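Notes follow the structure.
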Amino acid sequence: MASGPMALVDFLDKYVNMCEKKRVPVLSTVKKTLEQAIDSGELPDMLKLCGTIPELKFRRIDDDTLESIIQPMAGMSLVRQLDLSYNEIGNKGAHILAKILKDDQSIEVLILRSNSITADGAVAISKALTYNEHITYLDFSDNVIGDEGGMAIASMLQVNNNITHLSLSNCGLAATALIGFATVLQSNNSVLQLDISNNMLSTGNLSQTLVNDVMTHFARTMQLNYGIKDLNFSKLGITDWSMCDLLANALQTNKNIETLNLSRHVLAVRIVKCWLG
């Protein structure tokens, strides 16, 4: 896998040519980052292309723009962090990214927060990450991947023991996917930080039995898992008093969780009181 200043020169040339071929504008952020790295002789640590930067504020990265950036990376080892948050990347872009991730040996942090990726794109990236041994931080939050996408990520965690930070807030996960994560995390102890907040928002459409089933599985996970230190459980719709007691008892046996977010739960105070005894 190519790396070093010459690889940066090669990547810059391929990037500019790809933009011309696809008739998309050359992003000055990408060009400037690469030129500065070439001048310094050091690989850039981060390629920050989140849609909130001034250049992208009114023209977010879509699938074609992403392809012009990502495809030239094939066979190269360049950046450690790739931030593509708050853009307009869809499933086509997710598939393009997946092809690179399968063999990439440099990216450790991948931020895809708030794009337009659904289940199909999540499945593609999850399959790629079953082969990837370098990514440790994955942020999929605010992409409506649903149960199908969530189950794909959960299945990936059965074989991937490198991811330590996983954020899946507001991903449209329901009971099936959340139970899937709870089950996998009973044996996967690599994940240190887990954010599954703001899911199951339509709990009114779920039976109390299903909601309790999710909580029962996570209570069991808390008893068996010794890896998670930071758990974000906010806005999950815990309303059953018996589930509060169950979670609190599980937390009492867990000596590893350092930070627990239970905000936006009407029964959060009860859980904490029972937890602390």
Side-chain angles (χ1 to χ4, degrees), residues 1-51 55-56 60-85 87-113 115-118 120-140 143 149 152-153 156 159-160 162-163:
M1 180 142 320
S3 61
M6 291 307 298
L8 291 171
V9 173
D10 188 29
F11 174 53
L12 180 56
D13 288 341
K14 288 181 177 179
Y15 168 61
V16 173
N17 290 335
M18 179 66 74
C19 288
E20 293 175 354
K21 179 181 178 181
K22 297 190 71 64
R23 297 181 179 180
V24 297
V26 174
L27 296 178
S28 62
T29 302
V30 176
K31 194 168 183 287
K32 185 178 180 180
T33 299
L34 294 172
E35 288 175 340
Q36 289 177 340
I38 292 169
D39 290 341
S40 68
E42 297 180 358
L43 293 175
D45 182 68
M46 171 184 279
L47 192 54
K48 188 176 180 64
L49 297 172
C50 59
E55 183 181 13
L56 296 175
R60 304 290 171 94
I61 293 175
D62 58 15
D63 292 339
D64 288 334
T65 306
L66 179 68
E67 184 175 13
S68 67
I69 300 168
I70 295 299
Q71 192 164 306
M73 286 186 179
M76 297 184 183
S77 182
L78 296 176
V79 297
R80 192 177 69 84
Q81 301 182 61
L82 181 60
D83 184 353
L84 294 166
S85 59
N87 280 296
E88 297 173 356
I89 299 166
N91 291 334
K92 177 184 174 183
H95 278 269
I96 293 167
L97 186 57
K99 290 180 181 179
I100 300 299
L101 293 176
K102 182 178 178 181
D103 300 310
D104 183 83
Q105 297 179 12
S106 62
I107 298 173
E108 298 176 11
V109 176
L110 178 61
I111 304 174
L112 296 169
R113 174 183 289 265
N115 275 279
S116 301
I117 300 171
T118 61
D120 180 66
V123 170
I125 289 177
S126 297
K127 287 181 179 178
L129 293 183
T130 60
Y131 302 95
N132 185 296
E133 298 181 350
H134 297 273
I135 287 182
T136 60
Y137 187 111
L138 178 63
D139 186 350
F140 241 112
N143 287 280
I153 296 175
M156 175 268 293
V159 295
N160 185 313
N162 302 296
I163 292 177

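The analysis underlying the following values was restricted to heavy atoms, covering all of them including side chains, and did not include hydrogens, waters or symmetry mates. Numbers here simply count residues along the sequence, with the first being 1. In this text, all values refer to a predicted model and were calculated from it rather than measured experimentally.
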Task: Residue from I125, N162, L101 passing side chain to side chain contact (heavy atoms under 4.5 Å, CB included) with I135 - done: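 Between I135 and the candidates, side chain to side chain contact (heavy atoms under 4.5 Å, CB included) is satisfied uniquely by L101.
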Side chain [X], main chain [Y], donor-acceptor under 3.5 Å:
X	Y	result
S106	V79	yes
D120	N91	no
D64	V24	no
D45	Q81	no
N143	N115	yes
N132	A128	no

Compare every heavy atom of [Y] with every heavy atom of [X], then report the nearest pair and how far apart it is.
X	Y	value
L8	I38	CB-CG1, 3.7 Å
L27	Y15	N-OH, 2.7 Å
G121	A94	CA-CB, 3.5 Å
T29	K48	CG2-O, 3.7 Å
S126	I153	OG-CG1, 3.2 Å
L43	L78	CB-O, 3.6 Å

TODO: Under the salt bridge (Lys or Arg N to Asp or Glu O under 4.0 Å) rule, what do K92 and D62 come out as? Steps first, then yes or no, please.
DONE: CA-CA 9 Å; K92 177 184 174 183; D62 58 15; over 6 Å; no
Within this structure, what is the [atom1]-[atom2] distance for the pair [X] and [Y], rounded to the nearest 0.5 Å?
X	Y	atom1	atom2	answer
T136	N160	OG1	CG	10.0 Å
T65	E67	OG1	CD	10.0 Å
R60	L66	CZ	CG	15.0 Å
K99	Q71	NZ	CD	8.0 Å

Task: Residues L84, I69; criterion side chain to side chain contact (heavy atoms under 4.5 Å, CB included); working and verdict - done: CA-CA 11 Å; L84 294 166; I69 300 168; 5.7 Å; no
Any side-chain heavy-atom pair from [X] and [Y] closer than 4.5 angstrom?
X	Y	result
L129	L110	no
L112	L97	yes
Y131	D103	no
P72	N17	no

Open item on the list: Would you say that more than 12 heavy atoms from the other residues, nucleotides or ligands in this model lie under 6.0 Å from the CD of E133, or not?
Closed with: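 Result for CD/E133: open.
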- [ ] Please test K31 against E35 for side chain to side chain contact (heavy atoms under 4.5 Å, CB included), starting from the C-alpha separation and ending with a verdict.
- [x] CA-CA 6 Å; K31 194 168 183 287; E35 288 175 340; 2.7 Å; yes
Task: Verdict with supporting geometry, D104 and M73, side chain to side chain contact (heavy atoms under 4.5 Å, CB included) - done: CA-CA 9 Å; D104 183 83; M73 286 186 179; 5.8 Å; no
- [ ] Would you mind telling me which of D139, D83, N87 makes a side chain to side chain donor-acceptor pair (under 3.5 Å) with R113?
- [x]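 By the side chain to side chain donor-acceptor pair (under 3.5 Å) criterion, R113 pairs with just one of D139, D83, N87: D139.
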